[in-house]
Amino acid sequence: MYDIFIIGGGVNGAGIARDAAGRGLKVGLAERDDLGSHTSSSSTKLIHGGLRYLEQYEFRLVREALIEREVLLAAAPHIIWPLRFVLPHHRGLRPAWLLQLGLFIYDHLGGRQKLPPAKRLRLDAGPYRGVLQETFVRGFSYSDCWVEDSRLVVLNAVDAHERGADIFTRTECVALERSPEKWRITLKDADGLREVFARVVVNASGPWVDQIDAQAKPKTNTAALRLVKGSHIVLRRIYEGDHAFIFQHEDGRIVFAIPYEQDFTLIGTTDVAVDSASDGAEVSADEEKYLCDLVSSYFAKPVTPKDIVWRYAGVRPLFDDAAGEAAKVTRDYTLVLDDDEAPILSVYGGKITTFRKLAEHALEKLKPNFPRLSDAWTKTAPLPGGEIKNGDYDAFLTALLEAYPTAPARLVDRLARAYGARAPDILSSAFPKGGGGVRGQSFVAGDITAAELDYLIEHEFAQTADDVLWRRSKLGLHLTPDERKAVDAWFAENAAKATETVA
């Protein structure tokens, strides 16, 4: 009998599982596909307050997100790091004084501590010269953070599992039967059907939250769900520098251009209302044109859909606040508790930045069912691999390069970024002390080793090449089709190992 059983393995479900398991509850989680395989891996990959939400008077949401930005940066300095944003002043849109006021509020609303403040810029000098069209002379810069979103999900699930939670991937919830004291939950995986029981169900199934609610409470009206698709495109790197750009549009929206995976530029996002999660799986030609046209109105060198090398879309499961436009629907989260019989808590909305606070609030709502529940604990606890002294990634990387001199520096940097303090678990297996080459099979000139694939299967719930190349990393973006096939072939040869149930 589980205390809590969570349906959905995105960032909210994994975050709730981690928090609950760390408080001593018996936790189970079922994800129909791979961890973070839908909305949580299709974000703009930012830990941020949401500058544009200030115009919608979402001050509570922005404040909470800004506070969380610093908490998460301390918890996972390997997969989260500071990113400077450049905001050009567009004379035909928001006035400069309004931008400056918004940035002042943004700097002070959340008690900024570690990140540098906003400042004015000249865009016709220094590293910005020639990047933008000549009409953009002045602007501002401010700070937020970047996050490897898929890894954030996985690391929460890993921590939950290490604290006793059972994590079932590629396992669908096909039936929910309720009684006053418990839930009977029918799960389906590759081996067939099985039943588990739980005192409480948490519905964190994202775009499918209303479907699970209807399954659990067929005679009850569920909360209103608003599905909004956000699409992104990736191009070969179109400007130098480590800074991102934030561009305003005459329709009131904003779009980011962000350095991505060293060799690329990520551009997004859109806000398009859709009727179902399946409708939001693809980036439309109209969205591609919208994004290309918008950034081309700023960059000196225009981009076209022909320049796109990769694209992805995700559907945000937002709580319907009756806003007329998809872009104006609140990104705040709503937790709906039905405790007429055995409780079910359903999660609507939310930003990746606020997942940890969402989990705390979820446990607060459920505390009457667990009167001995211990206090919140995740605010000061590092995520797996985040135990880096003083959060100093550069010093950590330097020490790692010295410890593994035979390993390629680019590989060490990638592993340090992905696995943080746990990178030596892979490096020591792939590059034994005493010199010599890589131990075991390697792919792509040694950039991927069998030691890493073994680690991902054993510790991070990976079962397929796509799990590794597109979610636990974005190595698929760098590889040729033949190189991706080589990783596919390795998983085919190690299928039995890859499909063992970690839980």
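Residue numbers count from 1 along this sequence. Values reported hereafter were calculated over all heavy atoms of this structure, with side chains retained and with hydrogens, waters and symmetry mates removed.
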Closest non-hydrogen atom pair, [X] against [Y]:
| X | Y | result |
| --- | --- | --- |
| Ile16 | Ala362 | CD1-CB, 4.1 Å |
| Glu134 | Val137 | O-CG2, 3.5 Å |
| Ala416 | Leu400 | CB-CD2, 3.8 Å |
| Ala421 | Ile388 | N-CG1, 4.5 Å |
| Ala244 | Pro259 | CA-CD, 4.0 Å |
| Leu227 | Ala277 | CD1-N, 3.8 Å |

Which distance, rounded to the nearest 0.5 Å, do you find between the [atom1] of [X] and the [atom2] of [Y]?
| X | Y | atom1 | atom2 | result |
| --- | --- | --- | --- | --- |
| Ile79 | Leu383 | CD1 | CG | 6.5 Å |
| Trp470 | Ser150 | CH2 | OG | 11.5 Å |
| Lys301 | Gln133 | NZ | CD | 14.0 Å |
| Asp447 | Leu479 | CG | CG | 8.0 Å |
| Ile238 | Thr265 | CD1 | OG1 | 4.5 Å |

Check: [X] ring centre within less than 6.0 Å of [Y] ring centre:
| X | Y | answer |
| --- | --- | --- |
| Phe264 | His478 | yes |
| Tyr239 | Phe245 | yes |
| Phe247 | His90 | no |
| Phe85 | Phe256 | yes |
| Phe136 | Tyr298 | yes |

Sequence neighbours excluded, which residues qualify as ring pair (Phe, Tyr, Trp, His ring centres under 6.0 Å) partners of Phe104?
->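 Phe104: ring pair (Phe, Tyr, Trp, His ring centres under 6.0 Å) contacts with His108.
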
Residue pair Arg52, Gln248: steps toward the side-chain contact (heavy atoms from CB on, under 4.5 Å) verdict = CA-CA 10 Å; Arg52 73 183 179 96; Gln248 305 170 76; over 6 Å; no

Would you say the side-chain atoms of [X] and [Y] include a donor-acceptor pair closer than 3.5 Å?
| X | Y | result |
| --- | --- | --- |
| Ser141 | Arg84 | yes |
| Ser205 | Gln211 | no |
| Ser40 | Asp149 | no |
| Asp293 | Ser296 | no |
| Gln262 | Arg237 | no |

Less than 4.0 angstrom from a charged side-chain N to a carboxylate O is my criterion; do [X] and [Y] meet it?
| X | Y | result |
| --- | --- | --- |
| Lys229 | Glu287 | yes |
| Glu452 | Arg414 | yes |
| Arg151 | Glu460 | yes |
| Arg253 | Asp271 | yes |
| Arg60 | Asp332 | yes |
| Arg18 | Asp159 | yes |
| Arg311 | Glu282 | no |
| Asp33 | Arg170 | no |
| Arg236 | Glu261 | no |

Flag the pair [X] / [Y] as yes when at least one side-chain heavy-atom distance between them is below 4.5 Å, and no otherwise.
| X | Y | answer |
| --- | --- | --- |
| Val154 | Arg472 | yes |
| Val303 | Leu235 | yes |
| Arg32 | Trp208 | yes |
| His361 | Leu358 | no |
| His459 | Val158 | no |
| Leu121 | Arg138 | no |
| Tyr260 | Lys474 | yes |
| Pro207 | Pro317 | yes |

May I ask you to check if Arg226 and Phe319 form a cation-pi contact, with NZ or CZ under 6.0 angstrom from the six-membered ring centre and within 45° of the axis?
->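 So Arg226 doesn't make the cation-pi contact.
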
Between the main-chain N or O of [Y] and the side-chain N or O of [X], is there a donor-acceptor pair closer than 3.5 Å?
| X | Y | answer |
| --- | --- | --- |
| Ser473 | Leu475 | yes |
| His78 | Pro384 | yes |
| Asn156 | Val153 | no |
| Tyr348 | Tyr333 | no |
| Lys357 | Thr353 | no |
| Thr354 | Ala65 | no |
| Arg91 | Thr135 | no |
| Tyr106 | Leu54 | no |
| Thr269 | His232 | no |
| Thr270 | Val272 | no |

How about Asp275: does its CG atom have over 12 heavy atoms from other parts shown lying under 6.0 Å from it?
->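 No, the 6.0 Å shell around CG holds no more than 12 heavy atoms from other groups.
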
Quick one: list whatever passes side-chain contact (heavy atoms from CB on, under 4.5 Å) with Arg112, sequence neighbours left out.
->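 Partners of Arg112 by the side-chain contact (heavy atoms from CB on, under 4.5 Å) criterion, ordered by chain and then number, come out as Arg69, Glu70, Asp107, Leu115, Pro117.
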
Determine, step by step, whether His249 and Tyr290 satisfy the ring pair (Phe, Tyr, Trp, His ring centres under 6.0 Å) criterion, reporting the C-alpha distance in whole Å, the side-chain angles of both residues, the deciding distance to 0.1 Å, and the verdict.
-> CA-CA 10 Å; His249 192 274; Tyr290 174 88; 5.1 Å; yes

